[in-house]
Every structure is written in structure tokens, then in C-alpha cells.
Q: 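Sharing a structure, written as C-alpha cells. Questions coming.
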Amino acid sequence: MDNNQVAKWLRENPKLDKKMIGEFVSDRKNVDLLDSFVRTFHFQGLRLDEALRLYLEAFRLPGEAPKSNGTPFANSDACFALAYAVIMLNTDQHNHNVRKQNVPMTLEEFRKNLKGVNGGKDFDQEMLEDIYYAIKKCAMISAHYGLSDVFDNLIISLCKFTALSSESIKYYL
């Protein structure tokens with residue numbers, strides 16, 4: 001099997017352990033496989049948080065935030081910083097074991113954390129607001145709660161169904 005076939009098999013086989021997929025494709029010996037695996041995703045037209053949800057459905061991160069590129073970003077560092085901020089926002093909003101303060105981060109704090117990070121400029125404020133409320137409404141992943149992949153997939157599916165459009169997010173708040 002070539003890397004494209006293996007990557008497709010990893011994405012399409014629901015019986016595989018997502019943590020093991022993450023560890024396998026992120027191994028330094030499997031750089032070409034990781035490239036093929038990432039190419040199985042179609043991120044065009046998605047906001048960063050929506051793309052991360054799609055990406056994180058397929059595997060569990062082995063401790064590093066994913067990288068991506070797209071038009072709202074001045075450079076790859078800006079994209080990485082926003083991806084990291086989204087993952088941290090998800091943790092802040094939904095993982096009570098990690099949160100050190102009683103009050104979750106506000107939209108204003110999220111924006112302040114990202115001020116000037118996009119190549120010295122600010123990210124589009126409407127995009128940040130949409131991302132913030134999408135994460136606040138529904139966790140990106142529930143794996144950090146120690147839940148099974150079956151329940152995790154159910155949570156992800158319900159979140160996609162109810163919370164990914166900006167209008168439904170604002171409606172439910």
C-alpha cells in the first residue's frame with residue numbers, strides 16, 4: 001500500500017483507536033504519510049475552528065497543535081497562533097480540571113490575547129467572535145474528559161448539527 005492508500009484507510013476505518021492514529025501519523029519516520037493524511041481533508045470554505053473540528057475527529061493530538069494555511073492569515077505563524085488559541089479556548093471553556101480560575105475566558109479576553117498576532121495586525125473580529133461562540137457553545141473534542149471514542153463521535157456529531165452555523169450559535173446563546 002502506498003501512503004495515500006494508508007492515509008485513506010486510517011481516515012475511513014472507524015474501528016481504529018484515534019490516539020494510536022495520532023501517534024502513528026505524527027511519528028517523525030512517517031512524514032510522508034502525515035502529508036498524505038492531511039491531504040485527505042478538505043478545509044476550503046471553513047473557518048479555522050470548523051477545520052479543526054473536522055481534523056480532530058479523525059485522531060487525537062499527541063500534544064501539538066495542527067498547522068494550516070488560508071487567506072485570513074498574514075503568515076503561517078499567525079495561523080499557528082490562532083490554532084493554538086482556539087485549542088486553549090476550548091480547554092478554558094470546557095475542561096474544569098485544567099481551568100485555574102472560576103470564570104471562563106470572555107470574548108474580549110480572547111480577542112485581547114490575539115491582538116496584533118496576525119502579522120502585526122488583528123484578525124478579523126467577526127471571525128474571532130464566530131470562533132469564540134462556536135467553541136463556547138460546544139467543545140471541539142471531548143477526549144480530554146476521558147470518554148470513549150463512540151461517545152466522543154456522538155458529541156462531535158451533535159455539535160456539528162447544532163452549533164457550527166453562526167446563526168444557530170447566536171440563537172442558542
Side-chain angles (χ1 to χ4, degrees), residues 3-4 7 10-11 18 21-23 25-95 98-101 103-144 156 159-160 163-173:
N3 284 330
N4 292 330
L10 290 172
R11 281 281 314 275
K18 292 180 181 196
I21 293 171
E23 291 173 3
V25 300
S26 67
D27 188 304
R28 292 181 192 270
K29 295 179 271 187
N30 297 327
V31 172
D32 292 335
L33 174 60
L34 176 59
D35 183 59
S36 296
F37 184 75
V38 171
R39 290 179 191 277
T40 66
F41 294 88
H42 303 286
F43 300 121
Q44 296 82 6
L46 298 177
R47 280 191 331 257
L48 181 70
D49 62 308
E50 294 168 335
L52 281 171
R53 285 179 198 274
L54 177 65
Y55 193 55
L56 294 174
E57 283 179 16
F59 69 100
R60 294 296 165 255
L61 291 172
E64 296 182 24
K67 295 182 182 180
S68 172
N69 61 17
T71 56
F73 310 108
N75 52 45
S76 60
D77 288 341
C79 181
F80 180 80
L82 181 57
Y84 184 78
V86 168
I87 291 168
M88 294 309 295
L89 175 66
N90 184 71
T91 301
D92 174 78
Q93 297 291 311
H94 300 288
N95 189 336
V98 174
R99 191 174 4 176
K100 297 196 190 277
Q101 53 185 334
V103 181
M105 186 184 312
T106 66
L107 173 59
E108 293 73 28
E109 292 168 328
F110 180 62
R111 285 178 171 162
K112 182 180 176 187
N113 289 343
L114 291 163
K115 190 135 187 81
V117 173
N118 194 13
K121 298 181 180 171
D122 292 342
F123 289 105
D124 176 76
Q125 296 302 295
E126 186 175 326
M127 177 185 73
L128 291 181
E129 182 176 344
D130 288 345
I131 289 171
Y132 176 84
Y133 286 117
I135 299 299
K136 181 177 179 170
K137 175 67 180 159
C138 195
M140 241 185 330
I141 56 172
S142 58
H144 55 270
I156 290 168
C159 288
K160 283 171 139 181
L164 286 182
S165 77
S166 298
E167 287 125 25
S168 67
I169 292 165
K170 291 174 183 168
Y171 174 78
Y172 286 109
L173 292 178

Q: Looking at every non-hydrogen atom in both residues, tell me the closest pair between K18 and A58 and how far apart they are.
A: CG-O, 4.0 Å

Q: How far apart are the closest heavy atoms of I135 and Q93, and which atoms are they?
A: CG2-CG, 4.5 Å

Q: With sequence neighbours excluded, what pairs up with F37 under the ring pair (Phe, Tyr, Trp, His ring centres under 6.0 Å) test?
A: F41, F59

Q: Excluding sequence neighbours, so at least two apart, what forms side-chain hydrogen bond (donor to acceptor under 3.5 Å, both in side chains) with R11?
A: T40

Q: Check salt bridge (Lys or Arg N to Asp or Glu O under 4.0 Å) between D122 and all other residues, then give those that pass, not counting sequence neighbours.
A: K115

Q: Nearest 0.5 Å please: distance from the CG atom of D124 over to the CZ atom of R47.
A: 10.5 Å

Q: Look up atom CD in E109 and atom CG in L89, then write down how far apart they are to the nearest 0.5 Å.
A: 10.5 Å

Q: Listed by chain and number, what are the salt bridge (Lys or Arg N to Asp or Glu O under 4.0 Å) partners of D35, not counting sequence neighbours?
A: R39

Q: Looking at every non-hydrogen atom in both residues, tell me the closest pair between A134 and D49 and how far apart they are.
A: CB-OD2, 3.1 Å

Q: Whether the side chain of N118 engages the backbone of K121 through a donor-acceptor N/O pair (distance < 3.5 Å, no angle test) should be reported.
A: no

Q: Can you name the residues that form a side chain to side chain contact (heavy atoms under 4.5 Å, CB included) with N4, not counting sequence neighbours?
A: D2, S36

Q: Please name all residues satisfying side chain to side chain contact (heavy atoms under 4.5 Å, CB included) with V117, sequence neighbours left out, ordered by chain then number.
A: A81, F123

Q: Could you pull out all residues at least two apart from N113 that satisfy side chain to side chain contact (heavy atoms under 4.5 Å, CB included)?
A: M105

Q: Counting distance only, does the side-chain N/O of N30 pair as donor-acceptor with the main-chain N or O of L33 below 3.5 Å?
A: no

Q: Mind listing the closest non-hydrogen atom pair of V86 and I131 along with its distance?
A: CG2-CG2, 3.7 Å

Q: Measuring only between side-chain heavy atoms, which start at C-beta, is E126 closer than 4.5 Å to D130?
A: yes

Q: Just verifying a value: how many Å separate I87 CD1 and D92 CG, rounded to the nearest 0.5 Å?
A: 14.0 Å

Q: Restricting to non-hydrogen atoms, name the atom on G22 and the atom on S26 that form the minimum distance, rounded to 0.1 Å.
A: O-OG, 2.7 Å

Q: Going by ring pair (Phe, Tyr, Trp, His ring centres under 6.0 Å), name the residues that satisfy it together with F110, two or more places apart in sequence or in a different chain.
A: none

Q: About how many Å separate CD of E57 and CG of L52, when rounded to the nearest 0.5 Å?
A: 11.5 Å

Q: By side-chain hydrogen bond (donor to acceptor under 3.5 Å, both in side chains), which residues pair with D27, not counting sequence neighbours?
A: none

